[in-house]
Student: 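Below: one structure in structure tokens.
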Amino acid sequence: MSAAAASPPPPAAAGEHPRFHLRGFLSPETCKELEFVHRSCGTAGYRPSVVSTSLPHLAATGCGHLLLPFVPVRERLRDAVESAFSCHFDLFIEFTGLISWCKGASIGWHSDDNKPYLRQRAFTAVCYLNDHGKDYKGGILQFQDGEPSFITPVAGDVVIYTADNSNTHCVDEVTEGERLTLTLWFTRDSAYDEDPKLLSFLSQTSLNYEPVHQSSYIPLPASDIMYWFAYDHSGFDIRCARVHILGFSFHTSIDEDNKSVAPAEDDPIELLGKPVRLGRGDDVFDKVFANGLHALQVSTYFHFLSSFSLQIMSIRLQ
């Protein structure tokens with residue numbers, strides 16, 4: 001799936017708060033494809049009520065094939081940032097990640113280089129993958145000074161800005177739904193280039209696979225702790241929650257001839273690293289998945305295909 005064509009931004013105008021809002025930078029197809037990757041692979045994020053999917057995580061869990069949609073998007077974004085801020089052939093991508101903010105997530109006034117270990121960051125690109133008001137409420141990006149002073153997220157739009165305190169910003173609390181973005185940080189310091197580290201991860205992962213498994217694309221779950229989403233003094237496993245939203249439940253697969261097996265709720269963490277089945281209501285299906293992450297990816301993929309087909313049909317009928 002290709003990204004929608006968009007005019008490159010003009011060179012950065014003189015001003016104290018250089019930032020640009022690029023409308024329709026990503027196509028609806030690209031937004032949905034990246035959303036699929038996130039909903040089938042996301043882990044607990046760096047802040048409360050946040051879920052994230054980083055490129056090293058995809059490589060380390062045997063999901064290197066899911067990196068493909070990111071390649072053209074990352075290059076187009078780097079070109080846009082270099083053009084906007086007149087720093088051609090000068091930037092490296094420091095971080096690429098899908099980040100969703102769930103109900104309760106927010107962040108106060110800050111700049112993106114405001115910690116000693118973040119000083120290498122020069123520019124930020126935030127790509128919105130879903131729509132404010134439709135998919136979630138709250139979560140508005142606001143800038144302390146300059147124009148535009150706030151961004152109302154629309155799927156496909158991108159905002160790029162300098163990572164220093166000339167673009168101090170905050171994000172309002174998400175009050176409903178899930179706000180999903182593709183976020184990149186750029187640096188001028190090659191020591192922080194993400195690509196060599198990513199290639200190293202991919203090489204190590206491919207070397208650890210037996211030849212018979214190299215084309216199977218079966219994901220290897222990360223630590224269970226990474227999937228535990230703390231919420232409201234309790235929490236839940238992200239894989240279980242995502243599957244539940246799709247209308248399924250996990251079931252053990254000890255006896256393949258016995259479909260009346262215990263549901264995953266008895267001990268979900270213990271279960272999800274082993275072969276599992278999916279159930280819906282009182283029915284448990286025959287297909288045995290390698291692990292919970294495998295089942296989540298397959299069920300999310302077919303949900304993605306069906307919802308995308310309905311979306312295309314709806315557009316054609318209008």
Student: Linking I/L/V/M/F/W/Y whenever any side-chain heavy atoms sit under 4.5 Å apart, do Leu182 and Val37 land together?
Tutor: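 Yes, same cluster.
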Student: Is Asp224 salt-bridged to Arg239, cutoff N-O under 4.0 Å?
Tutor: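 A salt bridge links Asp224 with Arg239.
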Student: Quick check: closest heavy atoms across Cys31 and Ala155, and the distance to 0.1 Å?
Tutor: SG-C, 4.2 Å
Student: As an exercise, state the distance from OG1 of Thr162 to CD of Glu16, rounded to the nearest 0.5 Å.
Tutor: 11.5 Å
Student: Give the intermediate values and the outcome of ring-ring contact (aromatic ring centres under 6.0 Å, His included) for residues Phe25 and Tyr128.
Tutor: CA-CA 10 Å; Phe25 190 86; Tyr128 296 106; over 10 Å; no
Student: I'd like to know if the side chain of Asn167 and the backbone of Pro18 have a donor-acceptor N/O pair within less than 3.5 Å.
Tutor: yes
Student: Can a donor-acceptor pair be found, under 3.5 Å and without considering hydrogens, that links the side chain of Asn291 to the backbone of Pro275?
Tutor: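 Here the side-chain-to-backbone pair does not exist.
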Student: Given side-chain contact (heavy atoms from CB on, under 4.5 Å), test Phe70 with Leu34 step by step and report yes or no.
Tutor: CA-CA 8 Å; Phe70 295 88; Leu34 294 174; 3.8 Å; yes
Student: Within a strict 4.5 Å, meaning less than it, do heavy atoms of the Leu272 and Leu293 side chains meet?
Tutor: no
Student: Check for me whether Lys287 meets the cation-pi criterion with Phe289, that is, NZ or CZ under 6.0 Å from the six-membered ring centre and within 45 degrees of the ring axis.
Tutor: yes
Student: Starting at CG of Asp135, measure out to CD of Glu176 and round the result to the nearest 0.5 Å.
Tutor: 10.5 Å
Student: Is any side-chain heavy atom of His169 closer than 4.5 Å to one of His110?
Tutor: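 Contact flag for His110/His169 side chains = yes.
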Student: Indicate yes or no: at least one non-hydrogen side-chain atom of Gln142 is less than 4.5 angstrom from one of Phe150.
Tutor: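 In contact.
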Student: Would you say Asn165's side chain and Thr168's backbone share a donor-acceptor pair under 3.5 angstrom?
Tutor: no
Student: Looking at side-chain heavy atoms only, is the closest gap between Val154 and His132 below 4.5 Å?
Tutor: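 The answer is no, as the side chains (C-beta and beyond) never meet within the 4.5 Å cut-off.
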Student: One pair to check against salt bridge (Lys or Arg N to Asp or Glu O under 4.0 Å): Arg78 and Glu82. What are the steps and the verdict?
Tutor: CA-CA 6 Å; Arg78 174 160 39 196; Glu82 289 181 338; 5.1 Å; no
Student: Which residues satisfy the side chain to side chain contact (heavy atoms under 4.5 Å, CB included) test with His57, sequence neighbours excluded?
Tutor: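 Side chain to side chain contact (heavy atoms under 4.5 Å, CB included) list for His57, sorted by chain: Thr43, Ser54, Thr61, Ala222, Met226, Tyr227.
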Student: Got a donor-acceptor contact below 3.5 angstrom from the Arg19 side chain to the Pro148 backbone?
Tutor: yes
Student: Other residues, nucleotides and ligands only: do more than 12 of their heavy atoms fall within 6.0 Å of CZ on Phe236?
Tutor: yes
Student: So do Phe143 and Ile151 actually touch side chain to side chain, heavy atoms under 4.5 Å?
Tutor: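 In contact.
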Student: Regarding Arg280 and the six-membered ring of Phe248, is the cationic atom NZ or CZ under 6.0 Å from the ring centre and inside 45° of its axis?
Tutor: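 Geometry flag: set, cation within 6.0 Å and 45°.
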Student: Just how far is it from atom SG of Cys127 to atom CD1 of Ile99, taken to the nearest 0.5 Å?
Tutor: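 It is 10.5 Å, given to the nearest 0.5 Å.
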Student: Answer yes or no: is there a donor N or O on one side and an acceptor on the other, between the side chain of Asp90 and the main chain of Arg188, under 3.5 Å?
Tutor: no
Student: Arg179 side chain to Gly139 main-chain N or O, any donor-acceptor pair under 3.5 Å?
Tutor: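 The answer is yes, because a donor-acceptor pair under 3.5 Å joins these two groups.
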Student: Are Glu194 and Lys197 within salt-bridge range, i.e. N to O under 4.0 Å?
Tutor: no
Student: What heavy-atom pair brings Thr181 and Leu129 nearest, and what distance separates the two atoms?
Tutor: C-CD1, 4.1 Å
Student: Using a 4.5 Å cut-off on heavy atoms from C-beta on, say whether the side chain of Val159 contacts that of Tyr161.
Tutor: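 Contact flag for Tyr161/Val159 side chains = yes.
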Student: Tell me, with the steps shown, if Val51 and Ser100 meet side-chain contact (heavy atoms from CB on, under 4.5 Å).
Tutor: CA-CA 5 Å; Val51 180; Ser100 61; 3.3 Å; yes
Student: Is there a donor-acceptor contact under 3.5 Å from the side chain of His17 to the main chain of Ser166?
Tutor: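 Yes.
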Student: Quick one, Leu180 with Tyr136, criterion side-chain contact (heavy atoms from CB on, under 4.5 Å). Give me CA distance, side-chain angles, the key distance, then yes/no.
Tutor: CA-CA 9 Å; Leu180 177 58; Tyr136 62 94; over 6 Å; no
Student: Do the side chains of Tyr301 and Leu68 join up, straight or via other hydrophobic residues, at under 4.5 Å, putting them in one cluster?
Tutor: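 Cluster IDs for Tyr301 and Leu68 differ.
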Student: Got a second to check how far Leu278's CG is from Ser249's OG, nearest 0.5 Å?
Tutor: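 If we round to the nearest 0.5 Å, Leu278:CG and Ser249:OG are 7.5 Å apart.
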Student: Quick check on Phe302: does its CZ atom have over 12 non-hydrogen neighbours (other residues, nucleotides or ligands) under 6.0 Å away?
Tutor: no
Student: Examine the side chains of Thr187 and Gln120 and answer whether a donor and an acceptor come within less than 3.5 Å of each other.
Tutor: no
Student: Are the side chains of Trp109 and Asn114 in touch, meaning some heavy atoms are under 4.5 Å apart?
Tutor: no
Student: With heavy-atom distances below 4.5 Å as the criterion, would you say the side chains of Arg242 and His38 are in contact?
Tutor: yes
Student: Enter the distance from Lys137:NZ to Asp172:CG here, rounded to the nearest 0.5 Å.
Tutor: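 These two atoms lie 14.5 Å from each other.
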Student: Roughly how far apart are Tyr192 OH and Glu94 CD, rounded to 0.5 Å?
Tutor: 8.5 Å
Student: Under the salt bridge (Lys or Arg N to Asp or Glu O under 4.0 Å) rule, what do Lys32 and Glu35 come out as? Steps first, then yes or no, please.
Tutor: CA-CA 5 Å; Lys32 293 299 292 184; Glu35 180 181 355; 3.2 Å; yes
Student: Applying side-chain contact (heavy atoms from CB on, under 4.5 Å) to Leu66 and Cys41, what does each step give before you reach the verdict?
Tutor: CA-CA 10 Å; Leu66 295 180; Cys41 301; 3.6 Å; yes
Student: Which residue is it: Ile245, Leu246, Leu305? I am looking for the one with a side-chain contact (heavy atoms from CB on, under 4.5 Å) to Thr300.
Tutor: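 For Thr300, the side-chain contact (heavy atoms from CB on, under 4.5 Å) test succeeds with only one of Ile245, Leu246, Leu305, which is Leu246.
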Student: Checking ring-ring contact (aromatic ring centres under 6.0 Å, His included) against Phe123, which of Phe95, Phe85, Phe92, Phe186 comes through?
Tutor: Phe85
